[in-house]
Amino acid sequence: MTILDRGLPSPGVSPDPMVLLTPRSLDEALHLLTAEGAAVLGGGVGHTLRRHDRHRRDPTSSGSSPERDAISQTSSDPPHKRDATSLVSVGSLPELRTILWSGEHVTIGAGVRLGEIEADERLVRTWPIVTEAAGSVATGRIRRLVTLGGNVAAGDDSHDLPVALAAAGAVLTVRSVSSTRTLRIGEVNDLGGDELIQDVRLPIPSGRAGSAYEKFLSRGVWEYACVNVGAVVRLDDAGAARRLSLAVGSVTGGPVVIDLADLRGSVAGGVLIDEVARRAAASTRPYGDVKGSAEYKTRMIAEFSRRAMTGAVRRAEETPRSGGEST
Amino acid sequence: MMVRLRFRLNHEDVEIHVRDPASTLLDVLRDDLGLTGTKSGCAIGYCGACTVIVDGEAVPACLRMVGLLEGREVRTIEDLGGPEGLDPVQAAFVKCAGLQCGFCTPGHVMALRALLDEEPEPDDERIRRTVDGNYCRCTGYVKILDAAREAVALQKAVAVRNSRAGAATSPEGRRR
Ligand SMILES: Cc1cc2nc3c(=O)[nH]c(=O)nc-3n(C[C@H](O)[C@H](O)[C@H](O)COP(=O)(O)OP(=O)(O)OC[C@H]3O[C@@H](n4cnc5c(N)ncnc54)[C@H](O)[C@@H]3O)c2cc1C
Ligand code: FES
Ligand code: FES
């Protein structure tokens, strides 16, 4: 056995070390989170980026690069997680590591890694929008580390899972020592300092349902999205859209769920898809950055909304007619 | 205050004392343990130069908090090769000249080592997806992909040789 002592802190190490707590059960984790300065630790990728970013802003550290700027831009601290002094590791808690199927719902634990979501065959069949979004994040090596809870809780408008989950109508189960409540994806910034996301619940689609995820990479290589869009539809036997939903990411306040309520009942064809794309572009506010100007992104939002909706409709059409109508 | 951590590192039990358990495995490997074969290219998960194997899976050491490694099995580039020769992945990089400056090579080698441990005969698509996680600013990737394919062939040859040697000495060997 080798025993070594860490000497002087090396460059890059924060002068204020973190306390890292590894509870054995969810209840223990919830208790630890009641302490002042305690924050949830999922896979640790976001926390590590944030530490790096803080060091980078230190004038004594080395200069910036576009990639680092891209990271710092997308790794700003969510309001509920500033100034953490201790990290409560929940990424290995058995209670958060399962994908459970009940009659009407699938419940994905917050500690499930994106790589596991991407590879889950039943999820691939029922919610391809979710597995495609998971599979679009960075590389397999990073998807092995990132947790669903961490990807969602970061509250980052360009993250992929929140866009897919918002379109799919996901509900977050949020726990603290004293309460259990639910939040929508768009409400994730309401998470309290002593709360954590326990799981993400999705309805199991019935009837002729389809979903699709589109992530536009302006350079064609893996990175954060230029724009990202998720679409979900359910058709009746006559081919009219009974359920219709579209969410757009990488825009101010994103993911933004586009209001399509009045289009329900329309035939799911080119006219409807064009209208969905038009509304997505008209009702979102992208910001200009290294991936494109706001004007360019608006055009891309229209195009990728069209593609996502077309993909979702095609999948719905491929499922056999039931004979009945569902709403 | 120091925090004690124990894990397996290159088949040895190690106990380290870190000031900050939220430090990255990359910093601890390089600065504390003197294992500088693992390179720091970007330190933010993009370049793959820091790839190590944790519990059989390739991961970027720059994104792995060392405090989460308690009880885990870590392998670094220093684990490969030895007196008996190079690892087939290393040998393939040498044979195919899959490097120029060599800075990215440990990351490529570890990523491909993990791939071949999991899937001894990966198809080209899987090889490409693996190499996609590692930047190389010198070679243009053609020779790296050649090296990856060669590694599959060399490893297969080693497996055949080992199974022949096993068959000659043990009855079990014949069945493999
Ligand atoms: C090179 C690189 C490329 C990337 N590319 C993409 C990409 O293309 N798309 C994308 O979506 N993301 C991308 N990411 C970002 C990554 O998905 C996020 O950093 C993610 O937040 C990391 O998740 P984690 O589990 O490691 O979280 P952590 O770092 O552990 O946590 C992140 C935040 O969530 C909080 N948190 C974690 N779990 C919970 C929980 N269960 N309940 C409440 N709060 C919680 C933490 O307190 C923290 O504020 C990339 C990252 C890297 C390094
Ligand atoms: S140093 Fe870790 S990925 Fe670049
Ligand atoms: S050989 Fe120089 S970076 Fe790859």
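Here is the naming used below: chain letters follow the sequence lines, and residue numbers restart at 1 for every chain.
Of the two parts of A:Leu20, the backbone and the side chain both hold a non-hydrogen atom closer than 4.5 Å to a non-hydrogen atom of chain B.
Of all residues in residues 133-143 of chain A, those placing a non-hydrogen atom less than 4.5 angstrom from a non-hydrogen atom of chain B are A:Thr139, A:Arg141, A:Ile142. Against chain A, no residue from residues 146-155 of chain B qualifies, as none has a non-hydrogen atom under 4.5 angstrom away. Close approach to chain A, defined as a heavy atom under 4.5 Å from one of its heavy atoms, is seen in B:Ala111, B:Thr130 of residues 105-131 of chain B, taken by number. Residues of residues 49-80 of chain B that come closer than 4.5 Å to chain A, counting heavy atoms only, are B:Thr51, B:Glu57, B:Ala58, B:Val59, B:Pro60, B:Cys62, B:Leu63, B:Arg64, B:Met65, B:Gly67, B:Leu68, B:Arg72, ordered by residue number.
For A:Met18 against B:Pro21, the heavy-atom pair with the smallest separation is O-CD, 3.2 Å.
The side chain to side chain contact (heavy atoms under 4.5 Å, CB included) with A:Pro17 is formed by just one residue from the set B:Met1, B:Arg19, B:Met2; it is B:Arg19.
The aromatic rings of B:Tyr135 and A:Trp222 are tilted relative to each other, their planes meeting at an angle between 30° and 60°.
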